[in-house]
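When a ligand or atom number is given, it counts from 1 through the structure's own listing order. All residue numbers in this chain count up from 1 along the given sequence.
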Amino acid sequence: MTSSSGTPGTGPGEGAALDGPIDPENPAATYVLEPEVVAPLAQRVVTGNEAGMHRSVLPFTGAPLAAFPVSSVEDVARAVDRARASQPAWAARSVRERAAVLRRFGELVLARQSDGLDLIQMESGKSRRSAFEEVADVAILTRHYARRGPRYLADRRAPGMLPVLTGTRVHRRPVGVVGVIAPWNYPLTLAFAEAVPALVAGNAVVLKPDPQTTLTALWGAELLEEAGLPADLFLVVAGGGDVGAAVTDHVDHIAFTGSTATGRKVAARAGERLIGATLELGGKNPLYVAADADVRAAARGAVRACFSNSGQLCVSIERIVLHEDVADAFLDEFVPLVREMRLGAGLDYSADMGSLTSQAQLDRVVAHVEDAIARGARVLAGGVHRADIGPWFYAPTVLDDVPDDAACAREETFGPVVSVRRVASDDEAVRVMNDSEFGLNASVWTRDVARGRRIAARVEAGTVNVNDGYSAAWGSVGAPMGGFKASGLGRRHGREGIEALTEAQTISVQRGANQGLTLDTLYGIGGELPSKVLTTALDAMRRLRLP
Ligand code: NAD
């Protein structure tokens with residue numbers, strides 16, 4: 001798919017000049033997305049071509065990457081109309097048939113991963129390892145919903161109003177057209193986290209990816225078609241916030257992943273339209289190392305938890321809370337590991353960490369670190385812009401003594417910056433962890449699993465990982481994932497994630513009506529005698545412990 005040259009970055013630690021594969025003589029030519037790759041993808045955007053072109057950038061160098069047409073607000077309405085027209089035939093197929101298409105899609109993503117990984121890396125600037133997380137995630141998620149979807153969507157019997165006489169079942173019906181709005185940080189994972197269960201449930205999907213990472217989403221659309229998805233069931237509209245707002249204006253459910261600020265706007269519009277909304281928003285996630293923790297394991301886990309995808313990960317750790325008994329021992333392990341991390345821009349597995357995705361991300365990271373230092377924070381590792389590798393590389397950074405009024409103490413940095421804080425007890429740790437407007441993810445390290453579970457149960461976060469940073473809970477795709485407080489609304493993954501994309505419909509069949517046993521009579525509307533009969537019946541049901 002691409003051409004690249006040079007040698008990947010393998011050099012040691014902080015301050016060393018790590019050689020990325022960028023040709024210093026001609027950095028723009030180092031990575032090329034061939035026109036024959038871009039053109040068929042770009043053609044998939046639903047557009048009348050009046051809205052112009054978007055030019056994306058290669059984060060590794062800042063050079064132009066690709067151009068594709070964007071959609072107008074009218075194009076969004078057209079896309080939703082097309083999706084709506086195709087959805088009933090899809091919903092009429094059996095769940096198993098639909099699930100089989102999604103299973104094939106997951107297999108194709110795995111089989112064609114090398115193309116996908118190149119594309120993800122070039123659009124986002126992330127390392128190959130972080131890109132592979134996305135491929136693995138889609139493969140795991142599609143398998144899960146392909147296997148469990150039929151069970152999640154099966155009719156459920158519910159206790160009838162009157163035992164024997166009322167037969168009640170709950171059906172799950174697709175909502176119709178699900179809109180998905182995705183950010184740039186995990187362009188494959190987050191384009192499909194709701195799209196997969198939505199399609200298994202019999203919906204059509206209209207996706208609006210972030211402009212910087214639209215080609216990855218279009219690549220997914222191509223594979224969905226190859227997997228056998230009929231036309232118009234997964235449509236991609238391209239553009240910025242106006243296009244996202246138009247999607248919210250037309251669909252039957254909106255699944256949004258992005259910042260809390262935008263999430264509030266999407267929720268407000270969904271509220272006006274009275275459509276369902278699933279909102280996966282920001283975090284300021286804590287990791288606690290308890291007094292009995294294996295500090296070496298915790299340090300290794302923390303490196304991945306803080307710096308995967310250069311910290312541009314909603315569930316990544318930005319606050320480390322250390323029990324004072326193990327604080328020094330932990331930092332003695334953790335800080336050297338952070339300093340040894342290899343930064344690089346290779347389209348291979350040589351780098352631990354890639355670039356930030358944009359100048360805006362770099363600006364935010366630099367502002368947070370400078371602000372913390374100005375307020376008295378100490379830099380234990382990193383704290384430097386690595387322009388020697390590429391324009392938006394930033395060293396993985398550990399800050400100590402960060403005062404509470406520093407921006408990075410409370411706001412989401414969404415970069416490779418973590419602050420350290422010491423506590424004297426588990427109780428204090430829980431207080432510190434919960435002292436945030438966010439509540440997305442948390443991590444607890446302890447040798448005592450029962451203690452880990454007890455602490456976890458007191459933490460205000462949608463997912464808590466004991467002896468892992470984030471992958472254990474995120475990767476447990478059969479269990480719900482989402483945020484408390486300002487981190488979101490609703491859940492993805494598991495039964496909750498697919499039920500959110502359906503309407504529950506209760507169908508009750510009343511027996512005996514033709515023999516005069518109508519509910520009017522039985523419920524007492526018919527007068528004094530039926531009222532007495534019903535009272536006696538309810539009393540008997542209570543005694544017999546009937547539902
Ligand atoms: P963002 O809110 O700026 O943009 C997200 C998407 O929303 C983009 O596609 C954008 O074009 C679109 N958008 C912008 N304005 C809109 C509007 N008014 N109506 C509809 N759509 C609109 O977020 P971002 O900066 O691209 O992403 C980073 C944020 O996403 C971080 O806060 C991160 O924590 C969060 N995130 C959360 C999760 C999660 O699962 N909780 C996962 C990944 C990222």
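Listed by chain and number, the residues in a salt bridge (charged side-chain N to carboxylate O under 4.0 Å, His left out) with Arg129 are Asp352 (sequence neighbours excluded). Partners of Asp371 by side-chain hydrogen bond (donor to acceptor under 3.5 Å, both in side chains), not counting sequence neighbours, listed by chain and number: Arg375. Residues passing the side-chain hydrogen bond (donor to acceptor under 3.5 Å, both in side chains) test with Arg78, sequence neighbours excluded: Asp75.
A donor and an acceptor atom, one from each side chain of His54 and Thr214, are nowhere located under 3.5 Å apart. Of the N and O atoms on the side chains of Asn185 and Asn309, not one donor lies less than 3.5 Å from an acceptor on the other residue.
Centroid-to-centroid, the aromatic rings of Tyr152 and His144 come within less than 6.0 Å.
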Is there any protein N/O under 3.5 Å from an N/O of ligand 1, and what does the full list of such pairs look like?
residue, atom, partner, partner atom, Å
ligand 1, 2 (O), Ser259, N, 3.0
ligand 1, 2 (O), Ser259, OG, 2.7
ligand 1, 2 (O), Thr262, OG1, 2.8
ligand 1, 9 (O), Ala182, O, 2.8
ligand 1, 9 (O), Lys208, NZ, 2.9
ligand 1, 11 (O), Lys208, NZ, 2.7
ligand 1, 23 (O), Ser259, N, 3.3
ligand 1, 26 (O), Trp184, NE1, 2.9
ligand 1, 30 (O), Gly258, O, 3.2
ligand 1, 32 (O), Glu412, OE1, 2.7
ligand 1, 34 (O), Glu412, OE1, 3.4
ligand 1, 34 (O), Glu412, OE2, 2.6
ligand 1, 40 (O), Arg492, NH1, 2.9
ligand 1, 41 (N), Leu281, N, 3.2
ligand 1, 41 (N), Leu281, O, 2.7

